[in-house]
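Report on the following structure.
Note: hydrogens, waters and symmetry copies are ignored here, and every other heavy atom, side chains too, is used.
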Amino acid sequence: EPQELWLCIICIQRDANNPFLVNRKDKFLKHISDKHAEYTVEKVLEKSKVAFVPRAESRRVRNKQAIGRLITGIGLSRAI
């Protein structure tokens, strides 16, 4: 299942060696209000969200797709 991750777009520009990275929205919102109150919360939240699908999930989806192609290729009804 996809996970939500935020990498603070402001921190990464100011200090690339120590950016703020978190997987909890409440913690990220607190970070914005504590460290970057001068910015619009919604914009920072949107621009900082990282598109991330865990490797195991990606593999599971690829395997399911491959099995579906195999089943279709040999003429069986789709079982998945």
Side-chain angles (χ1 to χ4, degrees):
E1 158 173 332
Q3 296 177 358
E4 292 185 311
L5 288 174
W6 289 271
L7 177 62
C8 183
I9 192 80
I10 300 165
C11 288
I12 197 94
Q13 292 172 5
R14 292 182 180 171
D15 184 5
N17 294 322
N18 192 24
F20 184 79
L21 174 67
V22 69
N23 68 338
R24 286 185 42 192
K25 187 176 183 178
D26 61 323
K27 299 267 185 192
F28 191 73
L29 292 172
K30 182 171 178 4
H31 169 76
I32 296 170
S33 66
D34 290 351
K35 304 292 183 181
H36 310 299
E38 69 275 17
Y39 290 91
T40 306
V41 172
E42 293 80 20
K43 286 199 176 206
V44 177
L45 187 68
E46 175 189 331
K47 293 189 179 287
S48 297
K49 187 156 185 175
V50 177
F52 175 72
V53 177
R55 194 174 293 177
E57 179 67 19
S58 297
R59 198 174 313 125
R60 196 175 309 124
V61 169
R62 282 194 312 269
N63 289 345
K64 191 173 183 178
Q65 290 170 340
I67 291 168
R69 285 192 301 273
L70 177 64
I71 288 170
T72 302
I74 60 174
L76 297 174
S77 63
R78 190 170 179 96
I80 312 175

What pairs with [X] under side chain to side chain donor-acceptor pair (under 3.5 Å), at least two apart in sequence or on another chain?
X   : value
N18 : none
K30 : D34
D26 : R24

Can you tell me how the ring of W6 sits relative to the ring of F28, calling it parallel under 30°, perpendicular over 60° and tilted otherwise? parallel

What heavy-atom pair brings [X] and [Y] nearest, and what distance separates the two atoms?
X   : Y   : answer
S48 : I9  : OG-N, 3.0 Å
P19 : C11 : CA-CB, 4.0 Å
L7  : I12 : CD2-CD1, 4.1 Å

Residues in salt bridge (Lys or Arg N to Asp or Glu O under 4.0 Å) with [X], at least two apart?
X   : result
E42 : none
K27 : none
K49 : E4

Say you draw a straight line from NE2 of H31 to CG of L21; how long is it, rounded to the nearest 0.5 Å? 10.5 Å

To the nearest 0.5 Å, how far apart are NE2 in H36 and CZ in F20? 8.5 Å

